[in-house]
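All residue numbers refer to positions in the sequence shown, counting from 1. Note that the structure is predicted; figures quoted are calculated from it, not measured.
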Amino acid sequence: PASGRIYSYSYKPPKAVGKDDVTGEPLVQRDDDKPESVRTRLAAYDKVTAPLVDWYRRKGLVQTFRGTESDVIYPQVKAYLEEKNF
């Protein structure tokens, strides 16, 4: 909306679907936030970064961390970086 308020149907939904909580005006989705635009950006990102990741992988410097919470993942990343003397 013109107010600049941001909503997310997955974690901060509006009280009424498709309407701003304060003004009631219709919500809009930016063109750059639509699924096809996101897919295009991710494909471009993969194309540019894949060679760099491969270079680091050949050097033995790529490590995969799994999780959904930073307070769980961060200690693993920190330990890895300390082990590698970064």
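- In this structure, S70 and P75 approach most closely via the heavy-atom pair O-CD, 4.2 Å.
- Taking OH from Y80 and CG from L61, the interatomic distance works out to 5.5 Å, rounded to the nearest 0.5 Å.
- At least one donor-acceptor pair under 3.5 Å links the side chain of K12 to the backbone N or O of I6.
- Under a cut-off of 6.0 angstrom, the local environment of NZ in K34 is crowded, with over 12 non-hydrogen atoms contributed by other residues, nucleotides or ligands.
- Summarising the geometry of Y7 relative to D20, their closest heavy-atom pair is OH-OD1, 2.9 Å, with the distance given to 0.1 Å.
- By the criterion of side-chain heavy atoms lying less than 4.5 angstrom apart, applied directly or through intervening Ile, Leu, Val, Met, Phe, Trp or Tyr residues, V17 is not grouped with V22; the two fall into different hydrophobic clusters.
- Crowding of Y45 atom OH: a count of heavy atoms from other residues, nucleotides or ligands under 6.0 Å not exceeding 12.
- In terms of heavy-atom proximity, D31 sits nearest to S37 at O-OG, 2.8 Å.
- Side-chain contact between V72 and Q76 is present, with heavy atoms from C-beta onward closer than 4.5 Å.
- Smallest separation of non-hydrogen atoms from K19 and P14: O-CB, 3.3 Å.
- A distance of 14.0 Å separates CD in E83 from NZ in K78, rounded to the nearest 0.5 Å.
- Residue Y74 places its OH atom among 12 or fewer non-hydrogen atoms of other residues, nucleotides or ligands, all under 6.0 Å distant.
- The hydrophobic clustering, which links ILVMFWY residues whose side-chain heavy atoms are closer than 4.5 Å, places V48 and L42 apart.
- No salt bridge links D21 with R5; every basic N to acidic carboxylate O contact stays at or beyond 4.0 Å.
- Minimum heavy-atom separation, V38 to D32: CG2-O, 4.2 Å.
- Among the candidates L52, D54, V53, the single residue satisfying the side chain to side chain contact (heavy atoms under 4.5 Å, CB included) test with Y56 is L52.
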